Amino acid sequence: MIETLLVLLIGIAAGALNAIGGGGTFVALPALVAFGLPPVTANALSRVALVPGAVASAWVYRRELTPVGGTSTKALTAISMAGGGVGAGLLLALPASSFDAAAPWLLASATLILAFGRRLPQALSTVLGRPVGMSTRAVLIGQFFLAIYGGYFGGAVGITMLALWSIGLGLDAATSNPMRVVQLAAVFLSAAVLFLFASDVLSAPLVLAAMLVGAVAGGWAGAHLARRLPASLLRGSILAIAVIMTVMYFLRG
């Protein structure tokens, strides 16, 4: 009973973090491993459990979506779902050590880009003598590879999306946060479908149910909280989460 309550609380925290700035996987995955699940099973189960929370957050944000450059939301979402499915397939077929080793460095790079991303486009424009901007094709290609990473490991994929959009298109992290949540839901959804049919996530139904319920509550509440935060505070929260996660990833490694 106590373990189930703890999983429920962890699900609430993970869902809220994903809605506000990202980092839910980093909370959920180590907790599931600590409760005795094998790492690959814990990774897959956390993705399945966090899907409803991400969808709940996306529903709250549905009227606040801003386009990512000239890319349509439908095309971006389709690419996210395709990449998430590919990443999930890789998780089931390959050892987790490769992406796990790269995750701290990827997150550190994303954190630096988030911290200085609003200045980088102007600086690069000055150096190159022309405006900096990603084409629609480049956005979709970048999103596909990020979605593969999200389907495989998931940690900080939303933060890395914000970093890509910031450096490539000059988009503000606070303004782009609703779209980040929607794309995170798309990545997790396609990965979860594969995990449900091809992994052993259903071997721990009570743990899955407790984290799923908690993630829905946290995702809904976190999205409503994020909507009420001033843009500067939301940007600061996202960056703070990124910094903390980067440090924790390196310590964990």
Side-chain angles (χ1 to χ4, degrees), residues 5-28 31 46-47 49-69 71 73 76-77 80 107 110-111 113-119 143 146 150 154-167 169-189 210-248:
L5 180 59
L6 287 174
V7 172
L8 178 69
L9 294 175
I10 290 167
I12 293 173
L17 279 174
N18 277 341
I20 294 172
T25 299
F26 186 75
V27 172
S46 69
R47 216 73 49 76
L50 293 178
V51 166
V55 172
S57 300
W59 177 257
V60 174
Y61 282 129
R62 67 191 183 280
R63 295 189 179 90
E64 300 169 32
L65 300 178
T66 56
V68 177
T71 308
T73 300
L76 194 67
T77 304
S80 294
L107 183 53
T111 302
I113 292 172
L114 277 177
F116 303 104
R118 301 179 74 190
R119 301 181 183 89
Q143 187 70 17
L146 287 181
V157 63
I159 290 175
T160 313
M161 285 182 197
L162 289 179
L164 174 69
W165 302 342
S166 175
I167 184 63
L169 299 168
L171 298 182
D172 179 72
T175 304
S176 303
N177 195 49
M179 183 61 78
R180 174 195 64 82
V181 172
V182 170
Q183 299 310 313
L184 186 69
V187 171
F188 282 8
L189 179 60
M211 182 163 285
L212 188 150
V213 171
V216 171
W220 182 269
H224 280 287
L225 175 61
R227 291 175 68 204
R228 288 168 172 76
L229 291 175
S232 58
L233 182 56
L234 181 56
R235 280 193 296 270
S237 300
I238 294 171
L239 183 58
I241 291 170
V243 171
I244 292 170
M245 287 178 59
T246 300
V247 173
M248 293 183 70

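Predicted, not measured: the structure shown is a model, and the values here were computed from it.
- Minimum heavy-atom separation, L169 to G69: CD1-N, 3.7 Å.
- We find the CG-CD1 distance between L8 and I12 to be 4.5 Å, quoted to the nearest 0.5 Å.
- Not one N or O on the side chain of N177 forms a donor-acceptor pair closer than 3.5 Å with the backbone of D172.
- For the residue pair P52 and V216, the shortest heavy atom distance occurs at CB-CG2, 3.3 Å.
- Although no hydrogens or angles enter the test, the distance criterion places no donor-acceptor pair under 3.5 Å between the side chain of R47 and the main chain of V187.
- In this structure the side chain of L225 reaches within 4.5 angstrom of the side chain of I20, judged on heavy atoms.
- For the atom pair L65 CG and Q183 CD, the distance stands at 8.5 Å (nearest 0.5 Å).
- Nearest heavy atom pair, residue N18 against residue G24, reads OD1-N, 3.0 Å.
- Here the shortest heavy-atom pairing between S176 and L171 reads OG-CB, 3.4 Å.
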Go through the steps for R180 and L184 under the test side chain to side chain contact (heavy atoms under 4.5 Å, CB included), then give the verdict.
CA-CA 6 Å; R180 174 195 64 82; L184 186 69; 4.1 Å; yes
Test side chain to side chain contact (heavy atoms under 4.5 Å, CB included) on V68 and Q143 and set out the steps.
CA-CA 11 Å; V68 177; Q143 187 70 17; over 6 Å; no
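- Atom-to-atom distance recorded for L164:CG and I159:CD1 is 14.0 Å, nearest 0.5 angstrom.
- A donor-acceptor pair is defined here as one N or O able to donate and one able to accept, closer than 3.5 Å; no such pair exists between the side chain of S166 and the backbone of L162.
- In this structure, the separation between CE on M161 and CG on L146 is 6.5 Å, given to the nearest 0.5 Å.
- Between atom CZ of residue R62 and atom OG of residue S57 there is a gap of 12.5 Å, rounded to the nearest 0.5 Å.
- The two residues L50 and A28 make their nearest non-hydrogen contact at CD1-CB, 4.4 Å.
- Taking both residues in full, the closest heavy atoms of F188 and V51 are given as O-CG2, 3.2 Å, listed atom of the first, atom of the second, then distance.
- One finds the CG atom of L76 at 6.0 Å from the CH2 atom of W165 (value rounded to the nearest 0.5 Å).
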